[in-house]
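Computed over heavy atoms, backbone and side chain alike; hydrogens, waters and symmetry mates excluded. Since this is a predicted model, take the numbers as computed values, not measurements.
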Amino acid sequence: MDHKEFDNIIIGAGPAGMRACAIARERGESVCVVERREVGGTCLNRGCIPTKALVQSASVISVVASASGFGVGIAGEIHHDYSVASARKDEVVASLRKGAEMSIGAGIVVYGDARIVSADTVEVGGTLLHAAKRMIIASGSRPARLRVPGAELAITSDEFLRLTELPSELVVIGGGVIGMECACIAHAFGCKVTVVEYCREILPGLDAEMAKRLRSMLSRRGVTVVVGAQVTSLESTEQGGITVTYADRRGDHTLTAPMVMMATGRRAVVPDGLTDTGVVLTASGAVSTDDRMMSSVPGIYAIGDCNGRLMLAHAASAQAEVAMGVRDSVESVPSIVFTLPECAQVGTLTSDTPGALITGKAMYGANGMASAMGQTEGFVKVAVDAATRRIAGCCAIGAGADAIVQEASIAMAGDMTADTLRTRAVFAHPTLSELLLSALPL
């Protein structure tokens with residue numbers, strides 16, 4: 001059996017693994033990346049990028065539909081072709097994947113399934129790879145399914161993103177980020193969509209007021225959203241459809257559609273043999289890590305989705321920097337939901353201690369740029385620590401929500417107070433960014 005030694009062995013070529021690889025190479029350290037599928041991981045191939053390409057197509061449909069209000073005439077009916085949008089999505093992914101492969105460099109990636117032999121050794125296709133300095137697990141995650149009868153009848157986001165045509169009707173089980181983004185895509189292309197969410201509100205974990213506003217806006221556009229509903233089974237019909245049975249406080253109900261998508265979270269992927277080295281997993285099956293991203297075994301690190309801390313591509317890249325010693329911590333991480341309209345949040349806007357936080361809000365309808373754009377639905381909300389006046393959190397729903405929350409995230413990372421942001425920064429006019437300024441509580 002062949003033996004090869006490197007300073008760093010990285011398992012997984014997603015955002016986390018690629019960032020760790022880049023840092024190692026900048027230091028002049030040798031590195032080998034083991035990847036079982038494609039460079040770019042879930043984000044590039046089955047997540048962030050393909051969904052955003054499709055969201056952009058959906059956004060164009062919305063813009064064209066409202067063109068006459070801006071004095072632009074569209075002759076005849078508006079036609080859309082999902083197969084064209086899907087093909088464009090594939091082209092975007094392929095182009096970025098090629099770029100990612102080039103950025104890693106030749107001879108760095110070994111394709112195959114990794115099996116952990118010891119705390120410093122990985123076996124791939126009959127070759128033993130030894131890590132002289134560190135082994136980094138960046139093996140990502142996979143879609144999870146509910147443990148209910150008939151769960152295998154539903155597709156996951158992986159299969160949804162491979163579709164070249166959409167069904168006439170779609171039931172989405174799960175109103176989290178993935179479920180709501182896919183629901184918006186399908187609805188924009190003429191699919192009748194129903195979302196069934198177990199929690200009391202969609203987008204659990206994000207600001208409840210923002211989530212409720214999104215649900216209301218989508219409902220007015222024709223997306224049916226059922227909350228507080230527990231799916232109990234899926235069953236095939238004689239006509240080739242799928243019946244979803246769910247229960248809520250009013251009793252049992254059924255929905256039948258030609259396609260059902262299950263968007264009920266993701267589960268960490270852990271390489272074979274890892275736990276045999278003594279690495280401890282969490283109750284959810286992710287790799288347990290300390291603040292340095294090190295596992296319970298010295299020299300073995302876990303970054304990205306596989307540690308279950310925060311399943312976001314940008315958080316994964318930041319965790320890679322922590323593991324490689326170039327960043328102290330991962331804080332003020334924004335979460336963006338690319339629904340139509342966008343939702344975004346960083347930090348927290350609620351507290352269990354009365355009076356601990358002061359909140360302010362600004363409505364899109366009062367913003368000059370939002371009015372000029374015809375995007376007057378939505379709001380920005382900011383929470384400030386009552387004692388220190390530091391920004392504790394910010395959320396936004398509406399056009400440009402991602403950029404607004406990113407600005408708040410930068411202010412939080414710099415430990416700025418609301419007063420410093422208001423009196424030292426100058427916000428250009430007219431811009432959507434002024435919503436952040438207007439939302440700062442006095």
Side-chain angles (χ1 to χ4, degrees), residues 175-177 180 197-216 227-228 282-284 289-291 307-312 314-315 318-319 322 327-337 341-367 378-398 400-425 427 432-442:
V177 174
M180 296 312 300
E197 167 57 41
Y198 174 77
C199 296
R200 294 196 301 177
E201 191 52 86
I202 59 172
L203 302 181
L206 298 183
D207 182 71
E209 182 183 7
M210 177 176 67
K212 183 178 180 180
R213 176 64 67 89
L214 176 65
R215 177 163 59 90
S216 175
V227 294
T282 66
S284 64
T289 59
D290 62 17
D291 290 340
N307 67 25
R309 284 173 169 248
L310 191 57
M311 291 188 176
L312 296 170
H314 44 289
Q319 289 176 12
V322 172
R327 175 190 285 264
D328 293 330
S329 62
V330 181
E331 300 174 358
S332 303
V333 180
S335 297
I336 315 298
V337 189
E342 291 178 10
C343 294
Q345 181 170 322
V346 62
T348 181
L349 291 102
T350 59
S351 173
D352 294 331
T353 304
L357 296 179
I358 304 171
T359 59
K361 188 190 298 185
M363 308 304 293
Y364 269 67
N367 177 267
F379 64 81
V380 175
K381 184 162 59 172
V382 177
V384 170
D385 186 288
T388 66
R389 296 289 294 169
R390 287 188 173 88
I391 298 173
C394 173
C395 73
I397 174 172
D402 58 337
I404 293 169
V405 167
Q406 183 63 62
E407 289 179 337
S409 175
I410 293 170
M412 291 168 64
D415 254 353
M416 295 180 68
T417 66
D419 307 309
T420 299
L421 185 58
R422 179 184 291 109
T423 60
R424 297 290 296 275
F427 288 74
L432 295 175
S433 293
E434 290 177 287
L435 284 160
L436 176 59
L437 175 64
S438 299
L440 293 173
L442 297 173

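- At distances below 3.5 Å, not a single donor-acceptor pair connects side-chain atoms of Ser409 with backbone N or O atoms of Val346.
- Summarising the geometry, atom CG belonging to Leu440 is positioned 11.0 Å from atom CG belonging to Leu435; distances are rounded to the nearest 0.5 Å.
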Which is it for Leu357 and Val384 under the side chain to side chain contact (heavy atoms under 4.5 Å, CB included) test, yes or no, and what are the steps along the way? CA-CA 5 Å; Leu357 296 179; Val384 170; over 6 Å; no
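- You'll find the side chain of Ile397 stays beyond 4.5 Å of the side chain of Glu342, heavy atoms only.
- For the pair Val330/Leu310, no side-chain contact is recorded, criterion being any heavy-atom separation below 4.5 Å from C-beta on.
- At distances below 3.5 Å, not a single donor-acceptor pair connects side-chain atoms of Glu197 with backbone N or O atoms of Ile202.
- Of the possible polar contacts, one joining the His314 side chain to the Pro334 backbone as a donor-acceptor pair under 3.5 Å is found.
- Ser329 places no side-chain N or O within donor-acceptor distance of the main-chain N or O of Glu331, the cut-off being under 3.5 Å.
- Here salt bridge (charged side-chain N to carboxylate O under 4.0 Å, His left out) pairs that include residues 344-366, with residues two or more places apart or in two chains, are Glu209-Lys361.
- Ion pairing between a basic and an acidic side chain is recognised when a charged N comes within 4.0 Å of a carboxylate O; Glu201 and Arg215 show such pairing.
- Between Glu407 and Ser433, some side-chain heavy-atom pair lies under the 4.5 Å cut-off.
- Look at Arg389 and Asp419 and you find a salt bridge, because one of the NZ, NE, NH1 or NH2 atoms lies within 4.0 Å of a carboxylate O, short of that distance.
- Residues that satisfy the side-chain hydrogen bond (donor to acceptor under 3.5 Å, both in side chains) test with Arg309, not counting sequence neighbours, are Thr289.
- Between the side chain of Ser438 and the main chain of Glu434, a donor-acceptor pair closer than 3.5 Å is present.
- A heavy-atom distance below 4.5 Å is found between the side chains of Pro341 and Leu214.
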